[in-house]
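What you see is a predicted model; the values in this text were computed from it and never measured.
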Amino acid sequence: MAQTRKFAVFGNPIKHSKSPLIHAAFAEQFGHSLEYRAVRVELDGFERAVRGFFASGGSGLNVTVPFKTQASDLADIQSEHSRLAGAANFLVLDEQGRIAADNTDGLGLVRDMVVNQGWLLQGARILLLGAGGAARGVAGPLLQERPHSLFIANRTAHKAAQLAQEFGGLGDVRGGDISGIEERTFDIVINATSTGLSGETLSLAPALLNERSCCYDMVYGPEPTPFMRWAAQHAAWAVADGAGMLVEQAAESYFRWYGARPETAPVIRRVRDALG
Ligand code: ATR
């Protein structure tokens, strides 16, 4: 029988993580023997926990809030995605025992939008709401899809301008104040602010949407977020939450660990069932 490989997701808080369920479902598809744990790591103990995990034979780690920046900082090797994002959600030991970091969040978002939802990113006018870690993690992969343009809008405008400058080499990227977005309508609007988690409402002009606009909230839960409700009320063509992104970013991790690409649709359904 094949040896059981050990994986984990490190975060704080971590209790509600769906990653163990997702990876167990992937392993079932291939008959892989895998142990995947959700581990709550002390806020000042991340690096120690990572090194301890690999020293004790761990095969690979996922990293979630609030450790993604630290994960990228402690790595010996960075992928292009984690370097651009300044954050990593994936760590693995390479053959020389070096810690290699990657970031699969943006790829997960793009895959969910393009493959699962059928949205066209190429040539699209994209509005990205937020300029924190979540927005930074997805800007690069969004731009690699060659949209017409990417407008990053944030409550604190200078952070959006800063992000736009950093990613400007990858396409037509602008940044500005969320309450004064100058472009009229967008094909794709992505909420990468933390309002989906806090339940706060963003104040957005309905004129941002047209009848073909697709709206995506990167968070997920049993109920639609305020942003999703806003989009539906203003007749967006399609509205989605981040459950698909969650499963797709996990599938990207799984692919890196096992070289096998799991089927995601049944696992997205299982995550939805588990959300209640
Ligand atoms: P994350 O890692 O989830 O991105 P973060 O780095 O703390 O978390 O960033 C949170 C993002 O949500 C920021 O863009 C923040 O805007 P500011 O930079 O102005 O703080 C945005 N955000 C949070 N609450 C918000 C609110 N009530 N209205 C608008 N934007 C909000």
Side-chain angles (χ1 to χ4, degrees), residues 6-29 34-46 49-50 53 58-72 85 87-91 102-109 111-113 116 129-130 132-138 190-202 216-229 239-254 257 262 264-276:
K6 285 200 308 179
F7 300 91
V9 56
F10 283 3
N12 188 342
I14 199 71
K15 212 164 76 204
H16 300 293
S17 172
K18 297 285 174 280
S19 294
L21 176 158
I22 293 168
H23 284 277
F26 290 163
E28 228 173 72
Q29 291 180 14
L34 152 156
E35 176 195 302
Y36 189 109
R37 292 200 174 149
V39 179
R40 183 180 169 281
V41 171
E42 291 304 325
L43 293 176
D44 61 355
F46 179 70
V50 169
F53 176 80
S59 287
L61 278 176
N62 287 127
V63 178
T64 188
V65 178
F67 299 121
K68 289 184 187 182
T69 309
Q70 280 186 63
S72 141
N89 70 337
F90 173 96
L91 295 174
D102 202 346
N103 192 321
T104 66
D105 284 333
L107 293 177
L109 171 67
R111 240 186 127 76
D112 191 38
M113 289 198 294
N116 301 339
L129 304 171
R136 176 179 287 282
V138 300
I190 301 163
N191 184 21
T193 72
S194 50
T195 57
L197 292 172
S198 64
E200 288 171 276
T201 309
L202 285 168
Y216 197 101
D217 202 321
M218 283 171 46
V219 306
Y220 57 90
E223 303 295 336
T225 63
F227 170 73
M228 292 168 71
R229 287 201 300 271
V239 182
D241 73 2
M245 173 183 175
L246 173 75
V247 174
E248 294 294 346
Q249 63 78 27
E252 291 289 339
S253 292
Y254 201 90
W257 287 326
T264 51
V267 183
I268 295 171
R269 284 197 293 274
R270 272 167 85 160
V271 167
R272 289 211 185 284
D273 288 347
L275 290 172

Is Arg136 salt-bridged to Asp105, cutoff N-O under 4.0 Å?
-> no
State, with a plain yes or no, whether a side-chain heavy atom of Thr193 is found less than 4.5 Å away from one of Leu202.
-> yes
Heavy-atom side-chain contact between Leu246 and Ile22 under 4.5 Å | yes
Heavy atoms, side chains only, cut-off 4.5 Å: are Tyr216 and Met113 in contact?
-> yes
When every non-hydrogen atom of Phe26 is compared with those of Val247, the smallest separation belongs to CZ-O, 3.7 Å
pair Thr201-Thr195: side-chain heavy atoms closer than 4.5 Å = no
Report yes or no: does Thr225 contribute a side-chain atom to a donor-acceptor pair with the main-chain N or O of Gly196 at less than 3.5 Å?
-> no
Do Ser19 and Asn62 have side-chain N/O donor and acceptor atoms under 3.5 Å apart?
-> no
State, with a plain yes or no, whether a side-chain heavy atom of Pro66 is found less than 4.5 Å away from one of Leu43.
-> yes
Please check if any side-chain donor atom of Asn116 sits under 3.5 Å from a side-chain acceptor atom of Glu248, or the reverse.
-> yes
Do side-chain atoms of Lys18 reach the backbone of His16 as a donor and acceptor pair under 3.5 angstrom?
-> yes
State, to 0.1 Å, how close Val138 and Gly106 come at their nearest heavy-atom pair, and which atoms those are.
-> CG1-CA, 3.8 Å
Does some side-chain heavy atom of Val41 sit less than 4.5 Å from a side-chain heavy atom of Phe67?
-> yes
Run the side chain to side chain contact (heavy atoms under 4.5 Å, CB included) check on Leu34 and Lys6 step by step: do they pass?
-> CA-CA 6 Å; Leu34 152 156; Lys6 285 200 308 179; over 6 Å; no
Among Asp241, Val219, Leu129, find the one that has a side chain to side chain contact (heavy atoms under 4.5 Å, CB included) with Asn191.
-> Leu129
Does Gln29 CD have over 12 foreign heavy atoms under 6.0 Å away?
-> yes
Indicate whether any N or O donor in one side chain lies under 3.5 Å from an N or O acceptor in the other, for Thr104 and Asn89.
-> yes
Is the shortest heavy-atom distance from the side chain of Tyr254 to the side chain of His23 under 4.5 Å?
-> yes
Here the pair of heavy atoms bringing Ala134 nearest to Ala192 is CB-O, 3.7 Å
What's the shortest heavy-atom distance between Met245 and Asp112, and which atoms?
-> N-OD2, 3.5 Å
What heavy-atom pair brings Ala38 and Ile14 nearest, and what distance separates the two atoms?
-> CB-CG1, 3.8 Å
Salt bridge present between Arg270 and Glu28 (N-O < 4.0 angstrom) | yes
Relative to the ring of Phe46, is the ring of Phe10 parallel (under 30°), tilted (30 to 60°) or perpendicular (over 60°)?
-> perpendicular
For Ala71 and Ala88 the tightest heavy-atom approach is CB-O, 3.8 Å
Would you say the side chain of Ser72 lies within less than 4.5 Å of the side chain of Thr69, judging by non-hydrogen atoms?
-> no
Please walk me through it: do Phe53 and Leu61 pass side chain to side chain contact (heavy atoms under 4.5 Å, CB included)?
-> CA-CA 9 Å; Phe53 176 80; Leu61 278 176; 3.5 Å; yes
Which distance, rounded to the nearest 0.5 Å, do you find between the CZ of Phe90 and the OG of Ser253?
-> 5.5 Å
